[in-house]
Amino acid sequence: MKKLFAKHNNWFFKAGFILTTVMVFIVLLGQVWTPYDPNAMDASVKAQGPTLRHLLGTDFFGRDILSRILEGAGATLQIAFFVVLIGAVLGTVIGALTGYFGGVVDEVLMRICDAITAFPSVLLALIAIAVIGPGRLNVIMVLGCVFIPSFARIVRAEFVRIKRLNYISLARLQGVGDFRIMLKHILPNTLPTLLPAISIGFNNAVLAEASMSFLGVGVSASEVSLGRMLSDSQNYILRGLPWYAVFVGLTIALLILGFSLLAEGLQQRR
Amino acid sequence: MKFVLKKLATLLITLLILSFLAYAAFEMVGDPVGMILGTNATPEAEAALREELGLNRSLPVRYFDWLFHFVKGDMGTSYIYRISVNEMIGEKLGLTVILTLFGFGLTLLMSIPLGVYSARREGSFADRALTVSNQIVMAIPAFFVAILLTVIFGVLLRLFTPGSFVSFNESPGRFFLYMLFPALSVAIPRTAMAAKMLRSSILGEMQKDYVRTAFSRGHNRRSALRAHALKNALLPIVAFLATTAAEMLAGCIVIEQIFSLPGIGRLLIASINNRDIPVVEAIVMILAVWVMVVHFFGEVISEALDPRLRS
Amino acid sequence: MNKILEVKHVSASYTTQGNAFAREKVQIVLHDVSFDLYEGEALGLVGESGSGKTTVARAILGFLPRYEGEIIHHSKRPQLIFQDPYTSLNPARTVGWILEEPLKVYGKFDAPERRRRIIEMLENVGLSEEYMSRRPSELSGGQRQRVSIAAALIVRPRLVIADEPVSALDVTIQAQILQLLDEMREKYGLSYLFISHDMNVVYQLCDRVIVMKKGVIVEDAPIDDIFDHPQHPYTRELVEASR
């Protein structure tokens with residue numbers, strides 16, 4: 001951690017690191033404690049703006065918006081985590097194998113990856129959800145798969161570059177096997193590229209979940225997430241009560257901003 | 001020319017494969033007959049509908065039939081409304097295209113001056129402020145910009161009424177005023193991204209030998225910038241703009257929902273929820289063609305600007 | 001004396017890609033190269049860049065996918081020391097890890113034995129135990145080349161190929177590294193194939209010299225003969241240039 005700071009001692013990294021840490025900490029805190037029960041209705045405080053009792057106001061049912069945002073953000077981050085996990089792990093495996101061994105399989109797979117990454121990921125995910133139906137698990141699987149090609153491309157490029165370097169030739173001369181070379185000799189050197197990609201992955205996953213659920217083609221109607229809340233909050237704007245949408249949007253924007261600054265900082269040295 | 005033909009062939013093959021995958025995938029969604037008639041329909045009625053929709057033929061036959069008609073411009077008949085898909089999509093597509101072009105135009109209009117200004121005043125306070133704000137703005141999702149614009153200009157300033165779209169025929173002036181806000185929503189984050197890229201691209205070019213040579217020949221910084229750097233600096237931007245045009249269309253789906261615009265995005269979402277497969281297929285293909293064609297032009301323009309890419 | 005390596009009639013070529021201006025053509029990089037290397041011998045391989053000397057090394061180490069002729073090894077695991085000490089050490093790993101990896105792969109030693117051997121080898125090349133936890137980025141060029149030598153020798157090879165191992169270093173460091181290589185040869189009874197463009201460097205280490213030009217061996221003689229009675233005009237040129 002200390003080393004990471006020394007290597008990336010720039011404004012973006014610090015700001016992104018602090019913002020992300022604070023946001024994730026608050027969301028994690030929300031998993032064990034919220035000011036109110038997110039589902040408790042209180043008829044005496046319906047549809048209020050921010051007050052001291054309800055910092056972010058209440059909805060039509062008198063439910064505390066802060067508590068609901070904490071719950072929704074937890075669900076969204078959880079989805080993002082698994083999406084990035086699937087995308088990064090499978091993308092790394094595919095990128096490493098094709099980059100290291102090359103050949104016809106590599107050619108074909110990369111052509112497919114190029115075609116897929118040309119399409120906006122939200123659009124692909126929307127279409128896939130249209131086929132297999134909404135729900136949290138489906139969103140995770142679909143977005144995870146949609147994210148694989150971009151990780152595969154990044155990791156492949158790194159493997160192609162690094163496998164030609166002298167220290168890899170030497171490892172081969174010393175009798176180190178292919179898979180050990182990939183795992184222990186090349187993979188650690190892809191981290192400077194992989195870390196920002198993972199950060200961007202979180203950024204994109206939060207954005208995609210929010211967009212999809214907002215459109216009603218994400219998590220199912222009974223589940224919570226920031227995207228679903230954004231969709232609910234639409235009705236409040238039209239009735240002249242905009243703070244709900246603003247706070248949900250702000251939460252999403254701050255989460256994304258943190259990951260995006262972190263990624264930028266990780267890419268810049270100094 | 002050879003390059004263009006090769007890219008064109010790749011484009012067509014990709015679209016062909018894509019169209020088959022999309023068609024086959026939607027066929028797996030389920031039997032539309034049961035969905036349309038409900039569970040207590042007579043077998044005769046089901047058979048009749050199956051006949052009418054042409055579902056009694058095999059998948060490849062149906063696919064080629066559909067593809068053949070699609071290429072001719074006939075996108076089929078809606079399962080739910082029983083009217084031609086062309087008719088359903090027609091005007092809505094126009095609105096989405098207007099929104100995309102409007103947003104794209106705004107992006108160009110705002111990002112090029114910002115990027116050039118920032119590069120010209122490299123290191124100044126204005127440049128640093130722009131760099132930081134670009135980094136922040138590009139991370140703000142378009143829908144949040146949309147919410148803020150709605151709240152500020154719709155709810156507080158009452159420049160437009162959120163949720164009540166004004167069509168062009170009703171009042172062209174109010175139509176464009178209404179469209180300005182969704183267009184700004186998709187344009188603002190992209191503008192920040194494009195300005196940032198343009199700045200670093202110009203600065204990268206200024207470091208190169210040929211620009212330095214231009215300086216030593218007595219050009220001042222401005223004309224060296226204009227004469228040499230800008231053209232080359234635009235090169236990486238072209239590919240980025242192609243991606244932007246593709247992403248913007250996807251972004252419009254969300255934006256249409258927020259501003260209640262009767263565009264193709266809303267129709268797509270409604271059709272997905274209704275399981276109106278022919279409409280979904282048609283829209284997906286239109287979007288796919290758009291994305292591939294935009295990337296095709298991006299590649300061809302990049303190539304025209306820089307023959308070195310030809311290899 | 002026993003042979004440790006036999007190179008018999010090795011030829012290699014590659015085909016250039018054709019384009020609008022040039023037809024594709026076959027470029028010959030090695031033509032009928034033959035020599036033997038004996039146990040304990042330090043053989044210099046000298047020539048300008050493009051003479052094919054590095055291609056010979058690549059063929060010997062099995063990095064060249066296609067060549068004609070035959071290469072017979074009488075030892076296992078020949079090792080290589082690269083010219084550039086900056087790309088020959090894994091930047092993500094510590095010196096200790098880099099030295100331990102071949103021992104782990106070899107698989108015959110337990111952890112304490114591996115550590116003992118690493119420390120011994122570090123001392124051999126003039127570095128202390130503390131260097132185990134250092135990363136390549138924290139080392140100077142000379143130190144890196146010492147680590148490279150340690151990494152090559154830790155698997156106890158009998159043949160070491162050194163591809164311009166000192167030409168990226170300062171002159172004072174060059175002398176130290178050459179002396180180290182000489183000491184290691186004594187200590188472990190190594191054979192060297194020492195590739196260089198610099199006759200002076202070769203003179204300090206080698207017993208015999210092969211001179212190559214345009215993929216062909218033009219002269220193969222003991223070091224003193226090369227310097228005192230060069231036969232080929234190209235050899236004479238190289239010797240003159242080094243005075």
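Order of the sequence lines sets the chain letters (A, B, ...), proteins ahead of strands, with each chain counted from 1.
Minimum interatomic distance between A:I256 and B:A139 (heavy atoms only, all atoms of both residues): CG2-O, 3.0 Å. Nearest approach of B:P141 to A:I252, heavy atoms of both residues: CG-CG2, 4.3 Å.
Put simply, of A:P120, A:A15, A:S260, the one with the most heavy-atom pairs under 4.5 Å next to chain B is A:P120. Most heavy-atom pairs under 4.5 Å with chain A: of the set B:V294, B:L249, B:T10, B:I253, this distinction falls to B:I253. Chain B forms more heavy-atom pairs under 4.5 Å with one residue of A:L254, A:V122, A:V217, A:I127 than with any other, namely A:I127. Interface check for chain B: of the options A:L123, A:L261, A:L250, the most heavy-atom pairs under 4.5 Å are formed by A:L250. The greatest number of non-hydrogen atom pairs below 4.5 Å with chain A, out of B:Q135, B:Q257, B:H295, B:E247, is found for B:Q135.
Between B:I272 atom CD1 and A:I129 atom CD1 the span is 9.5 Å, to the nearest 0.5 Å. One finds the CD atom of A:Q234 at 6.5 Å from the CD1 atom of B:I147 (value rounded to the nearest 0.5 Å). A distance of 3.0 Å separates CD in A:E264 from NZ in B:K196, rounded to the nearest 0.5 Å. Separating the CZ atom in B:F144 from the CG atom in A:L230 is a distance of 9.5 Å, to the nearest 0.5 Å. Here the CD1-OG1 distance, from A:I237 to B:T150, works out to 5.5 Å after rounding to the nearest 0.5 Å.
A:F12 touches chain B through its side chain: at least one heavy atom from C-beta onward sits under 4.5 Å away, while N, CA, C and O do not. Proximity to chain A (any heavy atom under 4.5 Å) is restricted, for B:T14, to the side chain, taken from C-beta onward. Neither the backbone nor the side chain of B:A242 comes within contact range of chain A; no heavy atoms are under 4.5 Å apart. Residue A:I112 does not touch chain B at all, counting heavy-atom pairs closer than 4.5 Å. Using a 4.5 Å cut-off between heavy atoms, B:V155 touches chain A through its side chain atoms alone. If you measure heavy-atom distances from B:M292 to chain A, the contacts under 4.5 Å come from the side chain alone.
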If you apply the rule side-chain contact (heavy atoms from CB on, under 4.5 Å), what do you find for A:W243 with B:V151, and how did you get there?
CA-CA 9 Å; A:W243 62 84; B:V151 171; over 6 Å; no
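Using a 4.5 Å heavy-atom cutoff, the side chains of B:L287 and A:F119 are not in contact. Proximity of A:L257 to B:I136: side-chain heavy atoms (C-beta onward) are separated by under 4.5 Å at one or more points. Contact annotation: the side chain of A:F214 approaches that of B:I258 to within less than 4.5 Å [non-hydrogen atoms, C-beta and beyond]. A 4.5 Å side-chain heavy-atom check between B:L268 and A:L215 finds every atom pair outside the cut-off.
In A:F60, the CZ atom is crowded: over 12 heavy atoms of neighbouring residues, nucleotides or ligands sit closer than 6.0 Å. Within 6.0 Å of the CZ atom in B:F240, the count of heavy atoms belonging to other residues, nucleotides or ligands exceeds 12.
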